[in-house]
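Accompanying notes for the structure given below.
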Amino acid sequence: MVSTRLVLARTCTVFEGVLKWAPSTRAVLRPSHLLLQASCRLLSVGIVDHAKHREPSGKKVLSEKKLKRHFVDHRRVLVRGGSGGSGMSCFHSEPRKEFGGPDGGDGGNGGHIILRVDQQVKSLSSVLSQYQGFSGEDGGSKNCSGRGGATLYIQVPVGTLVKEGDKIVADLSNLGDEYVAALGGAGGKGNRFFLANDNRAPVTCTPGQPGQERVLYLELKTMAHAGMVGFPNAGKSSLLRAISNAKPAVASYPFTTLNPHVGIVHYEGHQQVAVADIPGIIRGAHQNKGLGLSFLRHIERCRFFLFVVDLTLPEPWTQVDDLKYELEKFEEGLSERSHVIIANKIDLPQARARLPQLQARLGQEAIALSALTGENLEQLLLHLKELHDAHIEAELEQGRQPLRW
């Protein structure tokens, strides 16, 4: 009689990761074998179901809720410079030179902590809440000084403000900018340092000094060429998706975007224009209503603006006036920067009917487009290129290096 294990080995075969039943001519089907056949089929169905629910390969796209944890635009940091090494107290002694004198070396200085701008860093999420500098080594005999502590560099993004209390102590807005956040302590002196004519055998040595301790507040202001400004659900995130590779969250409820997103628009000649999607502004934002001041400061660093207007709302021209009013109340002269008005959602019939009224009320041309269908996006890209070229020309005339991505 053929054993149950042999029957199962001959009659159950694996094909492309799925276990299937293949009856053999030599196998004799008995009631016990039918139970084995049923178990093989159940196993096959289970494997197929597992394959259907298997997660797709590749990096998973983070949701807006998870992105909020990765994007940080303010941070409180406690920094302590490295402590200096202590000096050594000892005397040189060798055959035929019993009284060689003091030869204790000085301790090494503690390491500084320096904030450095890094173009690859885009938020303050990688900055820790506290840093301790490297301490210097103690001095040694034979007048050997201790090694100084290494400098600790903290990488921060472009546009980082450094505050101590309410005072701004540094503005790291250019590549290569550095700021000494905490000084390292001085190393102690060995007894060789105290050698004098009236004191030929000093035993005094000093300990190393502790490093500087400070509490700093880092605040990030997004550095981008263009900033998209508009009320919630005006279509800013959809528009950024249409003109760049950025993937901000898009939904039909207000305040979908909780953090600024920066998309890069590519032109010929390897020219890149950075466009920031600022979270929606509401009336009274300059009084810290809604998301308020926490995101108005990101608009401050933008060179020019894209006012995104929702044409489906009644009297859409009032949106432009309200947006300019909020910008002006936040910072005087901010609403007078170069800008272009974008009339979004032109694909809807009621929006297309309000377009002539909008242009008549504003007294200037508005770019009517649809971020959903891509209608008239070319005109926006051309206007964006003109604003960027004008900004570069103005920066070069004033002898400043324009922002490059």
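Predicted, not measured: the structure shown is a model, and the values here were computed from it.
V273 approaches Y267 most closely through the heavy-atom pair CG2-CE1, 3.6 Å. Residues G81 and I113 come closest through the heavy atom pair N-CD1, 4.3 Å. A pairwise comparison of heavy atoms in S83 and P210 identifies OG-CA, 3.9 Å as the closest pair. When all heavy atoms are compared, the tightest approach of A366 to Q359 is O-NE2, 3.3 Å. Of all heavy-atom pairs between P157 and L124, the closest is CD-CD2, 3.5 Å. For the pair S125 and S123, the tightest heavy-atom approach, listed with the atom from each and the gap, is OG-OG, 3.0 Å.
By the neighbour-count criterion of 12 heavy atoms within 6.0 Å, atom CD of E332 is sparsely surrounded, having that number or fewer from other residues, nucleotides or ligands. More than 12 heavy atoms of other residues, nucleotides or ligands sit less than 6.0 Å from atom NE2 of H266.
Judged by distance alone, with hydrogens and angles left aside, the side-chain atoms of Y179 form no donor-acceptor pair with the main-chain N or O of D171 at under 3.5 Å. Between the side chain of R337 and the main chain of C302, a donor-acceptor pair closer than 3.5 Å is present. N109 contributes no side-chain N or O that, together with a main-chain N or O of A186, makes up a donor-acceptor pair within less than 3.5 Å. In this structure a side-chain-to-backbone donor-acceptor pair under 3.5 Å is present from H112 to G184. N344 places a side-chain N or O within 3.5 Å of a backbone atom of A371 that can act as its donor or acceptor partner. Checking side-chain atoms of K236 against main-chain N and O of F231 turns up a donor-acceptor pair under 3.5 Å. S244 places no side-chain N or O within 3.5 Å of a backbone atom of R241 that could act as its donor or acceptor partner. Of the possible donor and acceptor atoms, one in the side chain of R354 sits under 3.5 Å from a partner among the backbone N and O of L311. Of the possible polar contacts, none joining the N199 side chain to the A196 backbone as a donor-acceptor pair under 3.5 Å is found. For S135 (side chain) and G82 (main-chain N/O), no donor-acceptor pair under 3.5 Å exists by modelled atom type.
Listed by first and then second residue, the ring pair (Phe, Tyr, Trp, His ring centres under 6.0 Å) pairs that reach into residues 358-387 come to none, sequence neighbours excluded.
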Legend entry - Residues I264, Q272; criterion side chain to side chain contact (heavy atoms under 4.5 Å, CB included); working and verdict: CA-CA 6 Å; I264 306 300; Q272 297 178 343; 3.7 Å; yes
Inset, instruction - Take S237 and D277 through the test side chain to side chain donor-acceptor pair (under 3.5 Å) and record every step on the way to the result. - result: CA-CA 6 Å; S237 299; D277 173 20; 2.8 Å; yes
Inset, instruction - Would you sort out whether I299 and L327 count as a side chain to side chain contact (heavy atoms under 4.5 Å, CB included), showing the intermediate values? - result: CA-CA 9 Å; I299 303 176; L327 295 182; 4.0 Å; yes
Legend entry - Derivation of the side chain to side chain contact (heavy atoms under 4.5 Å, CB included) call for E178 and V117: CA-CA 7 Å; E178 294 183 355; V117 173; over 6 Å; no
Legend entry - ring pair (Phe, Tyr, Trp, His ring centres under 6.0 Å) between H339 and F307, intermediate numbers included: CA-CA 7 Å; H339 65 273; F307 290 108; 5.2 Å; yes
Inset, instruction - Determine, stepwise, if the pair E219 / K163 fulfils side chain to side chain contact (heavy atoms under 4.5 Å, CB included). - result: CA-CA 8 Å; E219 181 180 305; K163 295 182 179 180; 3.3 Å; yes
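Here the side chains of I342 and V309 are not in contact, with every heavy-atom distance at 4.5 Å or above. Proximity of P316 to D310: side-chain heavy atoms (C-beta onward) are nowhere separated by under 4.5 Å. The shortest distance between side-chain heavy atoms of D347 and K345 falls below 4.5 Å. Side-chain contact between L152 and F134 is present, with at least one heavy-atom pair separated by less than 4.5 Å. Proximity of L239 to M228: side-chain heavy atoms (C-beta onward) are separated by under 4.5 Å at one or more points. Contact check for L306 versus V229: no side-chain heavy atoms found under the 4.5 Å cut-off. In this structure, the side chains of V156 and V121 stay at 4.5 Å or more apart for every pair of heavy atoms. Side chains of I341 and V320 form a contact here, defined as non-hydrogen atoms less than 4.5 Å apart.
With rounding to the nearest 0.5 angstrom, the CG atom of D321 is 12.0 Å from the CD atom of E326. Interatomic distance, L115 CG to T160 OG1, rounded to the nearest 0.5 Å: 8.0 Å. To the nearest 0.5 Å, atoms CG (L384) and CG (L377) are separated by 11.5 Å. Here the CG-CD distance, from L355 to Q350, works out to 13.0 Å after rounding to the nearest 0.5 Å. Here the straight-line distance linking atom CD1 of I168 with atom OH of Y217 works out to 14.5 Å at 0.5 Å rounding. Here the OG atom belonging to S338 is positioned 6.0 Å from the CG atom belonging to L387, to the nearest 0.5 angstrom.
At a cut-off of 3.5 Å, with distance as the only test, no side-chain donor of N191 or T204 sits close to an acceptor on the other residue. Side chain to side chain, S335 and E328 meet the donor-acceptor criterion of an N or O pair below 3.5 Å. Between E393 and H391, the side chains place no donor N or O within less than 3.5 Å of an acceptor N or O (distance only, hydrogens not considered). Side chains of Q271 and H388: a donor-acceptor N/O pair is present below 3.5 angstrom, by distance only. Side-chain polar atoms of Q379 and N376 form a donor-acceptor pair below 3.5 angstrom. Remark: the E213 side chain and the Q132 side chain contain no N/O donor-acceptor pair separated by less than 3.5 Å.
Ion pair R352/E375 flagged as a salt bridge, since at least one NZ, NE, NH1 or NH2 atom sits closer than 4.0 Å to an Asp/Glu carboxylate oxygen.
Remark: R116 qualifies as a cation-pi partner of Y153 under the 6.0 Å distance and 45° angle criteria applied to the six-membered ring.
Between R214 and the options L183, V79, V77, a side-chain contact (heavy atoms from CB on, under 4.5 Å) holds for only V79.
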